Amino acid sequence: MLAAIATLTDRLQQALVSAFGPELADADPVLVPASKPEFGDYQANGAMALAKRLKNKPRAIAEQIVARLEVGDLCEPPEIAGPGFINLRLRPAYLEAQLKVLQRDERLGVAPVQDPHKAIVDFSSPNIAKEMHVGHLRSTIIGDSIARVLEFMGHDVLRLNHVGDWGTQFGMLITHLQDVCPAALADDSQVDIGDLVAFYKQAKQRFDEDEDFKGRSREAVVGLQAGDATARAAWQVLCDQSRQAFQKIYDRLDICLTERGESFYNPLLPTVVADLEQQGLLVEDQGARVVFLEGFTNKDGDPLPLIVQKSDGGFNYATTDLAAIRYRTQQDGAERVLYVVDAGQANHFAQVFQVAARAGWVPTGVELTHVPFGVVQGEDGKKFKTRSGETVRLQDLLDEAVKRARADLESRIQAEGRNETEAFIAQVAEIVGLGAVKYADLSQNRTSNYIFSYDKMLALQGNTAPYLLYAYVRVQGISRKGGIDFTQLGDNAAIHLEDDSEFALAKHILQLDEVVNEVAQDLLPNRLCQYLFELSQKFNQFYDRCAVLQAAEPQRTSRLMVCDLTARTLKLGLSLLGIAVLERM
RNA sequence: GGGCCCUUAGCUCAGCCGGAUAGAGCAACCGCCUUCUAAGCGGUCGGUCACAGGUUCGAAUCCUGUAGGGCCUGCCA
């Protein structure tokens, strides 16, 4: 109800000016949602703040504002409470009219932005030859949801997967591949390295223990960077293998990404360094080429450097990120770049952004933002590891989620004496299981650290995806049972709200536009989760208290429309979280 | 040493650009299926919002300090 908020704020300001003169035109009426339903729908807290300025009692000020306030078209007569709160309650007729507007609106009241921009969301970013683990899950799911919200708002979004496909570790991987699987280089299409994690570990172990291997690995890095055909072929095999594994997970999670890995920027790195030098930002220090940072100091209080070229001549990830910033602002024309990366890299991004800005690579109006999320911790509060010392593989987590959802579903089916096909069971288990995993991650404030719990991640009770899905299913059940086609309810039919639970539900439905705008602004999908959870709660209360199909007309049609609006809101909201809905479960 | 973040119910977490009596889920306990799927609804229990000051008409929320925890701090990404 952004429109209602804007109108009420406007009217309150007019009342302020009318009561106290034009010098109050700048005063904020502080209109916020009511803290409790008993107080109405909105409260204006501005009177208290104005007490000192107007040298009057806040309650008297509130009375004068209310005396001049014209909101009769939207609200019941305003009430003054406590020290000087002005409580506003929307009129049923207004709510009913607004619901009718939503009923005809596919976007459910969420207007696209007036000034769409080109945005890049950089997320997921797994490393080649390593398994995706729960840490990548956060970036992947949060990044996807943020991208979906921005897309829905009408922005032009480029989803980039900045995969770790370059760097010194590839020396050992290439060398190891050449040793154990020379056939891979002859015909890259027919090779299956198998367990890439084990492969990575073996390579690492040899690198640490075998001097000869270490030397050959270093040569392989040089070869790869120089474009040596053999090294390049081996690298390609490794990337393809990993890419296939990643893609399986992305497909399963319904996540769309454009791969543009670190290797993409490799040819641009020398120019980055050369340009920094030309601008006089580059300094040689201890054999490396660095830019000294403003506002970052080391243990001795001296400025900290950002190394852009190592003493051995190689480049590192700061150089790559600088090249990426240049490419994204200049070639892609991005006006906003969002990096959905864990909070541990906050310093890195602050440093890289600073150097990019000083180098003039961030045009005015272009915004680079690190969108951090908390680290995944084990139950001991330390960095997450399973008992065996391995991080949890994402694939195993997803499999387990679906398995548990399936077991839960099967026991229900048996208890209820239902007869369902294997296809139905498999589909429901997949959507419920994966939805639960996504929701578990998204429903938490992304900035908080994250204590990983298998049971919590896979829970199916309480504030979880299945709870929201179930509310949706209940509406579809009404439609099936009553033979109702929600699209044919008729434009002429009126919505009339009666029960308290019906009002609460209706008001909540009307708030979708506020929430989606807030999420687009703050990039916090947990706000949307909270909204959808509350929507489901309010629907379940309504469902419990109000018969729909058995209700007499015209109430029956009115309630059907409310049900339809609830389901459509759930479906749209869940789609912005990347979660699918079900007709039955 | 410096920087950033965190500390809210037994557990996991919301709330944090100041507003009225601090919320939810889980766990525990008590009710509710002849009526649209009970993956539901209602109720009970549960708090020194880490601690100490400060600002304010008003602080979980803003500021300072203390304690505890996490992350980062020059050639990994």
Side-chain angles (χ1 to χ4, degrees), chain A residues 30 32 34-36 38-39 43 45 48-49 51-52 57-58 81-85 87 125 127 162 164 166-169 262 285-290 295-301 304-312 314-318 320-321 342-348 350 372 374-375 377 381-383 405 408-409 412 416 418 432 440 443-445 447-451 453 455-456 459-464 466-471 473-482 484 526-527 529-530 533-534 536-537 539-541 543-551 559 563 584-585:
Chain A
V30 198
V32 295
S35 55
K36 287 185 183 295
E38 308 91 270
F39 302 147
Q43 59 186 61
N45 302 334
M48 276 89 74
K52 196 167 274 181
K57 288 185 176 143
F85 298 103
N87 290 336
S125 310
N127 294 316
H162 192 76
W166 206 251
T168 46
Q169 79 275 20
E262 293 169 349
D285 195 70
Q286 296 176 31
R289 310 182 82 188
V290 309
F296 294 89
T297 54
N298 65 15
K299 288 172 189 169
D300 302 322
L304 210 61
L306 182 74
I307 295 173
V308 295
Q309 190 164 18
K310 300 186 286 184
S311 49
D312 68 1
F315 304 106
N316 61 13
Y317 76 137
T320 305
D321 281 343
D342 76 272
Q345 296 196 44
N347 275 343
H348 167 69
V375 300
Q377 298 170 306
K382 298 272 171 62
K383 209 171 195 175
D408 187 74
L409 176 63
R412 285 172 200 283
E416 294 161 16
R418 288 156 62 185
V432 169
S443 60
Q444 200 155 122
N445 185 318
T447 59
S448 314
N449 279 351
Y450 181 111
I451 295 187
S453 150
D455 288 337
K456 193 192 169 195
L460 304 172
Q461 306 294 327
N463 185 357
T464 63
Y467 181 85
L468 314 194
L469 294 175
Y470 184 65
V473 160
R474 280 183 141 178
V475 175
Q476 305 317 311
I478 290 173
S479 153
R480 249 192 333 274
K481 187 99 173 185
I484 309 293
N526 68 300
R527 298 270 165 83
C529 293
Q530 185 66 27
F533 177 62
E534 286 170 4
S536 304
Q537 279 184 315
F539 174 76
N540 280 328
Q541 286 156 6
Y543 184 93
D544 202 50
R545 293 176 51 166
C546 300
V548 177
L549 291 174
Q550 282 90 343
R559 286 186 172 168
C563 286
R584 289 197 303 128
M585 63 190 279

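Because the structure is a prediction, the values reported are computed rather than measured.
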Considering only atom [atom1], compute the distance from [N] to [M] and round it to an integer number of Å.
{"N": "B/rU66", "M": "B/rU7", "atom1": "C1'", "result": "14 Å"}
{"N": "B/rG25", "M": "B/rU21", "atom1": "P", "result": "23 Å"}
{"N": "B/rA39", "M": "B/rC33", "atom1": "P", "result": "15 Å"}
{"N": "B/rG23", "M": "B/rU8", "atom1": "C1'", "result": "10 Å"}
{"N": "B/rA52", "M": "B/rA67", "atom1": "P", "result": "15 Å"}
{"N": "B/rG74", "M": "B/rG15", "atom1": "C1'", "result": "41 Å"}
{"N": "B/rA14", "M": "B/rA24", "atom1": "C1'", "result": "7 Å"}
{"N": "B/rG54", "M": "B/rG10", "atom1": "C1'", "result": "34 Å"}

State whether [X] places a side-chain N or O below 4.0 Å from either non-bridging phosphate oxygen (OP1 or OP2) of [N].
{"X": "A/Lys52", "N": "B/rC57", "answer": "yes"}
{"X": "A/Gln537", "N": "B/rA24", "answer": "no"}
{"X": "A/Lys456", "N": "B/rG25", "answer": "no"}
{"X": "A/Asn540", "N": "B/rC41", "answer": "yes"}
{"X": "A/Lys481", "N": "B/rU35", "answer": "no"}
{"X": "A/Arg412", "N": "B/rA38", "answer": "no"}
{"X": "A/Asn449", "N": "B/rC13", "answer": "no"}
{"X": "A/Arg559", "N": "B/rC36", "answer": "no"}
{"X": "A/Arg545", "N": "B/rC36", "answer": "no"}
{"X": "A/Gln461", "N": "B/rA27", "answer": "no"}

Reckon [X] touches a base, only the sugar-phosphate, or nothing at all at heavy-atom distances under 4.0 Å?
{"X": "A/Gly477", "value": "sugar-phosphate"}
{"X": "A/Gln309", "value": "nothing"}
{"X": "A/Phe85", "value": "base"}
{"X": "A/Cys529", "value": "nothing"}
{"X": "A/Pro83", "value": "nothing"}
{"X": "A/Asn526", "value": "sugar-phosphate"}
{"X": "A/Ser448", "value": "sugar-phosphate"}
{"X": "A/Glu262", "value": "sugar-phosphate"}
{"X": "A/Ala81", "value": "base"}
{"X": "A/Arg289", "value": "nothing"}
{"X": "A/Leu304", "value": "sugar-phosphate"}
{"X": "A/Ala343", "value": "nothing"}
{"X": "A/Val290", "value": "base"}
{"X": "A/Gly482", "value": "nothing"}

(request) Check whether the aromatic ring of A/Phe39 stacks on the base of B/rA20, taking stacking as ring centres less than 5.5 Å apart and planes within 30° of each other. (result)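 Stacked: ring centres under 5.5 Å, planes under 30°.
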In whole angstrom, give the distance that lies between atom [atom1] of [X] and atom [atom2] of [N].
{"X": "A/Phe533", "N": "B/rG15", "atom1": "CZ", "atom2": "P", "value": "15 Å"}
{"X": "A/Gln541", "N": "B/rG42", "atom1": "CD", "atom2": "P", "value": "5 Å"}
{"X": "A/Gln550", "N": "B/rU34", "atom1": "CD", "atom2": "C1'", "value": "13 Å"}
{"X": "A/Glu38", "N": "B/rU21", "atom1": "CD", "atom2": "C1'", "value": "10 Å"}
{"X": "A/Phe539", "N": "B/rC36", "atom1": "CZ", "atom2": "C1'", "value": "9 Å"}

Does the side chain of [X] reach to within under 4.5 Å of the side chain of [Y], using non-hydrogen atoms?
{"X": "A/Asp321", "Y": "A/Gln345", "value": "no"}
{"X": "A/Leu306", "Y": "A/Phe296", "value": "no"}
{"X": "A/Leu409", "Y": "A/Val432", "value": "no"}

(message) Side chain of A/Tyr467 only, heavy atoms from C-beta on: which candidate in B/rG25, B/rG3, B/rC41 is closest?
(response)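 Within the option list, the nearest is B/rC41.
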(request) Could you check which nucleotide pairs with B/rU66 in any of the strands shown, counting Watson-Crick or G-U wobble with both distances under 3.5 Å? (result)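 Partner of B/rU66: B/rA50.
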Using only modelled atom types and a 3.5 angstrom limit, is any donor from either the side chain of [X] or the base of [N] paired with an acceptor on the other?
{"X": "A/Asn45", "N": "B/rA20", "answer": "no"}
{"X": "A/Gln444", "N": "B/rA14", "answer": "no"}
{"X": "A/Asp285", "N": "B/rG74", "answer": "yes"}

(message) Checking side-chain polar atoms at under 3.5 Å, does A/Thr447 have a donor or acceptor matched by the opposite partner on A/Asn445?
(response)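 Yes, a side-chain donor-acceptor pair sits under 3.5 Å.
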(request) Assess the side chains of A/Glu534 and A/Gln530: does a donor N or O sit below 3.5 Å from an acceptor N or O? (result)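 Yes, A/Gln530 and A/Glu534 have a side-chain donor paired with an acceptor closer than 3.5 Å.
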(message) Pick the closest RNA chain B nucleotide for A/Pro305 and for A/Gly462 by heavy atoms, then say which residue is nearer the 5' end.
(response)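 Closer to the 5' end of RNA chain B: A/Gly462.
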(request) Between A/Ser35 and A/Gly167, name the one whose nearest nucleotide on RNA chain B is closer to the 5' end. (result)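 Upstream on the strand: A/Ser35.
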(message) Checking one value: the base orientation of B/rC17, syn if chi is within 90 degrees of 0, otherwise anti.
(response)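 It is anti.
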(request) Quick one: closest heavy-atom pair of A/Arg474 and A/Phe539, and the distance? (result)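 Minimum heavy-atom separation between A/Arg474 and A/Phe539: CB-CE2, 3.8 Å.
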(message) Salt bridge check, A/Glu38 against A/Lys36: does any charged N sit closer than 4.0 Å to a carboxylate O?
(response)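 Result for this pair is no, no salt bridge flagged.
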